[in-house]
Amino acid sequence: MSDAFTNAVLAWFYEHGRHDLPWQQNPTPYRVWVSEIMLQQTQVATVIPYYQRFMTTFPTVEALAAAPEEVVLQHWAGLGYYARARNLHDAAQQVMALGGEFPDNLADLMALKGIGRSTAGAILSLAWQKRGVIMDGNVKRVLSRHFAIAGDSSSAAIQAILWQLADSHTPNQQNRAYTQAMMDLGATLCTRSKPLCLYCPVQHTCQAYRLGTPTAFPQKKPSKSIPTKEAYFLLLENEKGQLLWVKRPPTGIWGGLWCLPELPVAIDLAQELKTRYGLIDAHIEARASFKHTFSHYHLWLKPLYVRGTMLMVNDELSQWCDKEQALTLGLPKPMLTLLAALDDT
DNA sequence: AATGCGGGGAC
DNA sequence: GTCCCAGCATT
């Protein structure tokens with residue numbers, strides 16, 4: 001392999017790449033795998049504390065597979081994209097069913113839940129030190145700039161071109177170094193804004209640099225505006241001062257997490273509280289609404305402080321908790337804001 | 001091809 | 001406010 005681009009990227013990496021990230025120490029397939037899942041759509045600095053806690057509690061794939069999903073989700077609380085945690089837990093059990101040994105080929109890795117083409121390539125490369133090809137946000141940005149790839153980078157056609165470019169420049173030797181190098185290049189020099197082209201090892205062949213518009217790539221199609229929704233969230237208090245918490249269904253927003261009961265706004269509130277909770281003598285106070293933004297919609301959360309006599313019985317999907325207990329459930333961020341609304345007048 | 005799925009960092 | 005982050009699953 002005498003690829004000038006590849007050689008320049010590799011030479012730069014040994015001098016200027018990142019070599020001290022937590023998952024780079026003792027890079028077993030398990031440790032690399034957990035890191036890759038956490039790092040999907042999540043920045044390195046955000047992941048590190050979660051990764052440390054997670055690996056302390058679940059040091060092996062056996063430990064992860066044997067843990068209750070509940071506990072796994074608690075360790076993920078606040079990180080977002082909770083399907084990643086459920087898939088990770090499922091996949092750990094898949095691996096145990098394979099005898100506890102991780103697959104070392106692309107197809108079998110991709111058969112594990114939550115592992116797609118890029119994550120499989122990363123594990124092959126970083127953990128197994130085999131030839132693996134990745135296509136994350138960093139690689140997409142570096143390649144689309146260096147080769148001035150025009151067109152919506154999320155479209156199938158452009159993705160195919162980028163994968164082809166990635167594959168053709170990925171070396172057989174020093175593959176792990178190259179994989180890490182491309183991510184480091186994208187994260188530290190070829191950044192989304194204000195790229196540091198003067199320090200770039202492939203500036204002299206970069207077509208976007210030559211055009212004078214490096215940040216014009218990758219191109220994306222204009223984003224459409226996202227909708228706004230609203231919902232009630234119940235601070236439903238019993239005579240002991242405890243709040244009712246419900247476990248959300250596995251799919252959808254905050255899947256599998258404990259949250260306050262959510263009610264649509266387009267209902268007869270008193271009637272709904274009576275039929276759902278057997279609530280009589282209801283006393284309802286609206287607290288200040290606040291907005292939370294997801295990747296695909298805005299949500300106005302409307303807290304309702306509700307007291308009264310409740311006749312309903314608990315099931316496994318609901319429980320009463322005092323504030324201390326609630327904080328141990330592993331709550332998504334907006335639930336913490338809702339709790340604070342309890343203290344308002 | 002389009003959509004669902006969090007939360008936060010950088011600007 | 002906008003954009004994007006070591007993407008993947010589902011439809």
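Computed from heavy atoms alone, side chains included, the values below leave out hydrogens, waters and symmetry copies.
- Going from the P atom of B:dG4 to that of C:dA6 covers 24 Å, rounded to whole Å.
- Residue A:Ser155 is the one, among A:Thr251 and A:Ser155, whose nearest nucleotide of DNA chain B lies closer to the 5' end (criterion: closest heavy atom).
- Within the 4.0 angstrom heavy-atom criterion, no nucleotide atom of any strand lies near A:Lys229.
- Residues A:Ser118 and A:Asp136 bring no donor and acceptor atom of their side chains to less than 3.5 Å of each other.
- For the pair A:Asp152 and A:Thr293, nearest-nucleotide mapping onto DNA chain B gives the more 5' position to A:Asp152.
- Among the heavy atoms of the strands, none lies under 4.0 Å from A:Ala45.
- A:Lys220 comes within contact range of the sugar-phosphate backbone alone, with a heavy-atom separation under 4.0 Å but no base atom that close.
- Using a 30° and 60° split on the angle between ring planes, A:Trp254 and A:His292 fall in the tilted class, from 30° to 60°.
- Contact annotation for A:Ser295: base contact, defined as any heavy-atom pair under 4.0 Å involving a base atom.
- On the C1' atoms, C:dA9 is 23 Å away from B:dG8, given to the nearest whole Å.
- Ring planes of A:Phe13 and A:His19: tilted class, angle from 30 to 60°.
- Using a 30° and 60° split on the angle between ring planes, A:Phe54 and A:His75 fall in the perpendicular class, above 60°.
- Residue A:Pro222 is out of contact with every strand shown, counting any heavy-atom pair closer than 4.0 Å.
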In the 5'-to-3' direction, what one-character label does each nucleotide of nucleotides 6-11 of chain C receive under the scheme B = base within less than 4.0 Å of a protein heavy atom, S = sugar-phosphate only, - = no such atom? BBSS--

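- Of the P atoms belonging to C:dT11 and B:dG6, the separation is 16 Å, rounded to the nearest Å.
- A:Thr191 comes within 4.0 angstrom of no nucleic acid atom, judged by non-hydrogen atoms across all strands.
- Not a single donor-acceptor contact under 3.5 angstrom links the side-chain atoms of A:Arg192 to the base of C:dC4.
- Nucleotides of DNA chain B that come within less than 4.0 Å of any heavy atom of chain A span, from the 5' end to the 3' end, B:dA1 to B:dC11.
- For the pair A:Arg53 and A:Tyr50, the distance from NZ or CZ to the six-membered ring centre is under 6.0 Å and the angle to the ring normal is within 45 degrees.
- A:Arg131 and A:Asn172 are linked by a side-chain donor-acceptor pair at a separation below 3.5 angstrom, with hydrogens and angles left out of the test.
- Taking the centre and axis of the six-membered ring of A:Trp258, the NZ or CZ atom of A:Arg248 falls outside the cone set by 45° and 6.0 Å.
- Residue contacts for A:Gly252: at a heavy-atom cut-off of 4.0 Å it reaches the sugar-phosphate backbone alone, with no base atom in range.
- Across every non-hydrogen atom of A:Gly255 and A:Tyr82, the tightest pair is O-CB, 4.0 Å.
- For residues 88-136 of chain A, the pairs satisfying ring pair (Phe, Tyr, Trp, His ring centres under 6.0 Å) are A:Trp33-A:Phe102, with sequence neighbours left out.
- If you check every strand for non-hydrogen atoms under 4.0 Å, A:Lys224 touches sugar and phosphate atoms only.
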